[in-house]
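Below is one structure, written out as structure tokens; the observations come after it.
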Amino acid sequence: MSKILSAVAWPYANGPRHLGHVAGFGVPSDVFSRYMRMAGHDVLMVSGSDEHGTPILVLADQEGVTPQDLVDKNHAIIAQELADLGCSYDLYTRTTTANHYAVAQELFRQVHANGYMIEQTTRGAISPSTGRTLPDRYIEGTCPICGYGEARGDQCDNCGNQLEPTDLIDPKSRINGEIPEFIETQHFFLDLPALADALREWLAGREASGTWRPNVIKFSLNILDDIRPRAMTRDIDWGIPVPLEGWEDQPAKRLYVWFDAVIGYLSASIEWARRTGDDERWREWWVEGAVAEEQLSYYFMGKDNITFHSQIWPAELLAYAGRGATGGEPGTYGVLNLPTEVVSSEYLTMEGKQFSSSRGHVIGIREVLERYGPDPIRYFICAAGPENQDSNFTWAEFVQRNNSELVAGWGNLVNRTGAMIAKSFGEIPRPGTLEPVDEAVRAATLAAFGSVGDLLARQRIKAAINEAMRAVGEVNKYVTDTEPFKLKDEDQRERLATVLHTLIQCVSDLNTILAPFLPHAANRVHAFLGGEGEFIPMPVVEDVSGLDGDADRTYPVITGSYSSTPRWESRPVTVGAPIAKPTGVFVKLDESVVEEELERLRQS
């Protein structure tokens, strides 16, 4: 058994999430985490709503509400959507908590004490018309490195390089198009050059492991070639105060949102432990050598966030432990583990275009859940998502995969198995002697535990679900080959019982194999098989009281009890268990859905 930290990207709380977001981090991380629990590992899956930064401030101004009011509303929406999608977080929390503030400030203080947070004078942008600070992400221009015309003041999304607003060619405000003015301002910078050798050594080790996706390791090594100090404070009045004398009381100086957001993985783990009543248990996943078991950590995100997880966050951890060029001592948390793997997905487009909330080219998670439920969209993301390359969501393919693969493949197998047993026996029959064809299909299904499990352990979600559905196809072929519906004579009854027993045993095993991908359907199939309660545990949304300085505040979190997660193994079905004719596991979609959804898209 290993200690598995499943660290899931923090959705930004400027509004509800859309399909493109959860395709990159939500569903893949949940499939992986569910499988690892089933395989017997001790999993801690954490995330939360990222609630600081300029976009929140700007949007709150536009809506005439406070930033806190805005993120309170959006955090509640996002948490419920992710829970309804089935994402099995041990804790999904938020960054506007006293606990998170304390953890982020502890890391900043120790990184500073170890000499890796250096104070520099830089040029900051202000709006000529308002006199307010114009944050980096709200400045746009041409990238000086690749020539991309829509680069932002903190990063170019085309080439992935870190930028400063002053680097941009022809910079302008994304808010009103005006040309910003640049003034001198003081900030703290993370001394990345002093950590470059340690980062390179760590990345070389990860490259040698051969486990990272090629695009992630290549990009991560390339960005070391142009490493330079990165500002970790901002001129903004919404965020975590700088925890140093002379800075804490400055109303417009806050920690950079990305400095504190990645710390959320640690602060959420600490909050989870505190809520379980064992305040120090988080150390089992985080502190080097804290337990005898192997400690592994997997960070799930979209490719636009690779920089922050393969450079900024590891640099913060190395600096906190004093493992850079200037040395230093670990802080009170100790030496914290660096990521085992950064699991980055590519981009998902919709009908050939980028998702864009501002342009109305988007489908929200709530919409798809209400109209189609979680299973079809989870299946699409697993089977056709942007795992290793950009992929395109189309309504035509969504309907086709639902009808031909979920309904006609897996759903039909479950339904006709149940219908034949209900009609002929009313209960799971006792088998006679197995023939070679029976033994072959059982062997194929049992082998799928190994092949699918191996792929899931390596986050190869698309290949894993293809292998699982291949096994479904083998069992459907078994029905065609044995033709149990033709075994009607009394002297064929033992053979019929053997075939149907073999068939329902295969269905039971396939349900276990498909459970990480389709947990909601797995519980329905479990009920059809005569099981009681949940087969695979589901998350819940609970209102909790804050900790420390915000104890008088309540907010929703996603949590769950996953100790009853079934093991990744075959379970013998129970002879004599009653079987009633099942209702449909999945719903066939009419082809008209395609045009209806395209029309909604045109009108949005």
Side-chain angles (χ1 to χ4, degrees), residues 1 6 27 30-45 79-80 82-92 272 275-276 369 373-376 378-379 406 410-411 413-415 417-419 421-422 425-429 445 449 452-453 456 468 472 501 503-544 556-587:
M1 183 180 73
S6 185
V27 173
D30 184 61
V31 172
F32 172 78
S33 300
R34 286 184 179 279
Y35 165 73
M36 296 304 274
R37 291 190 190 107
M38 295 176 78
H41 300 292
D42 197 356
V43 175
L44 178 60
M45 181 179 177
Q80 191 62 60
L82 293 174
D84 290 346
L85 192 61
C87 297
S88 56
Y89 295 102
D90 290 277
L91 183 67
Y92 179 92
W272 167 82
R275 293 193 182 282
T276 66
L369 287 173
D375 291 317
R378 285 180 67 107
Y379 182 80
L406 277 185
W410 175 225
L413 177 61
V414 174
N415 290 341
T417 297
I421 293 176
F425 295 95
E427 61 183 31
I428 297 178
T445 306
F449 280 101
V452 175
L456 287 177
V472 170
H501 181 96
L503 192 52
I504 199 167
Q505 182 64 63
C506 289
V507 166
S508 175
D509 289 348
L510 289 171
N511 192 49
T512 300
I513 290 168
L514 286 165
F517 309 99
L518 304 168
H520 302 83
N523 284 332
R524 293 195 296 274
V525 175
H526 173 68
F528 146 67
L529 292 169
E532 297 181 356
E534 286 184 330
F535 175 64
I536 189 162
M538 301 300 288
V540 295
V541 175
E542 293 181 355
D543 285 333
V544 298
V557 299
I558 306 175
T559 186
S561 176
Y562 307 111
S563 59
S564 63
T565 294
R567 295 303 300 267
W568 186 256
E569 61 190 12
S570 176
R571 294 165 193 75
V573 294
T574 303
V575 172
I579 298 294
K581 184 177 180 180
T583 56
V585 180
F586 305 106
V587 177

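In this text, all values refer to a predicted model and were calculated from it rather than measured experimentally. All residue numbers refer to positions in the sequence shown, counting from 1.
Summarising the geometry, atom OH belonging to Y92 is positioned 14.0 Å from atom OG1 belonging to T559; distances are rounded to the nearest 0.5 Å. Going from atom CE of M538 over to atom SG of C87 covers 9.0 Å, rounded to the nearest 0.5 Å. Between S88 atom OG and Y562 atom OH the span is 5.0 Å, to the nearest 0.5 Å. N511 CG to L529 CG: the interatomic distance, rounded to the nearest 0.5 Å, is 6.5 Å. The CG atom of L82 sits 9.5 Å away from the CG atom of L369 when rounded to the nearest 0.5 Å. Atom-to-atom distance recorded for F517:CZ and R34:CZ is 12.0 Å, nearest 0.5 angstrom.
Within the 4.5 Å cutoff, the side chain of L510 has heavy atoms near those of the L413 side chain. Side-chain contact between W272 and V557: absent, with no pair of heavy atoms (C-beta onward) separated by less than 4.5 Å. With a 4.5 Å cut-off on side-chain heavy atoms, P376 and F586 do not count as touching. Side-chain contact check for H501 versus V573: some heavy-atom pair is nearer than 4.5 Å. Looking at L85 and D30, their side chains never come closer than 4.5 Å, going by heavy atoms from C-beta outward. The shortest distance between side-chain heavy atoms of E534 and H526 does not fall below 4.5 Å. At least one side-chain heavy atom of I421 sits less than 4.5 Å from a side-chain heavy atom of P429. Between I579 and I504, some side-chain heavy-atom pair lies under the 4.5 Å cut-off.
A donor-acceptor pair under 3.5 Å is formed between the side chain of W568 and the backbone N or O of F449. For the pair Q505 (side chain) and R571 (backbone), a donor-acceptor distance under 3.5 Å is present. The backbone N or O of P582 sits nowhere less than 3.5 Å from a side-chain atom of N415 that would complete a donor-acceptor pair.
Residues S570 and D509 approach most closely at OG-OD1, 2.9 Å, considering heavy atoms. Between V452 and A468, the shortest heavy-atom distance links the atoms CG2-N, 3.7 Å. Listed here is the closest heavy atom pair of V31 and R378: CG2-NH2, 3.9 Å. P539 and I558 get closest at one heavy-atom pair: CB-CG2, 3.7 Å. Closest heavy-atom contact between V541 and A79: CG2-O, 3.9 Å.
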- What do the steps show when you test W410 against V507 for side chain to side chain contact (heavy atoms under 4.5 Å, CB included), and what is the final call? CA-CA 9 Å; W410 175 225; V507 166; 4.0 Å; yes
- Message: Show, in sequence, the C-alpha distance, side-chain angles and deciding distance for L514 and V525, and conclude whether the side chain to side chain contact (heavy atoms under 4.5 Å, CB included) test is met.
- Response: CA-CA 11 Å; L514 286 165; V525 175; over 6 Å; no
- Given the rule in the side chain to side chain contact (heavy atoms under 4.5 Å, CB included) test, do T512 and M38 qualify, once you have shown the distances and angles that lead to the verdict? CA-CA 9 Å; T512 300; M38 295 176 78; 3.6 Å; yes
- Message: Show, in sequence, the C-alpha distance, side-chain angles and deciding distance for L406 and L518, and conclude whether the side chain to side chain contact (heavy atoms under 4.5 Å, CB included) test is met.
- Response: CA-CA 10 Å; L406 277 185; L518 304 168; 3.8 Å; yes
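Take D375 and apply the salt bridge (charged side-chain N to carboxylate O under 4.0 Å, His left out) test, not counting sequence neighbours, and it matches R524. Partners of S561 under the side-chain contact (heavy atoms from CB on, under 4.5 Å) rule, at least two apart in sequence or in another chain, are S563.
A salt bridge links D90 to R37: at least one charged side-chain nitrogen sits closer than 4.0 Å to a carboxylate oxygen.
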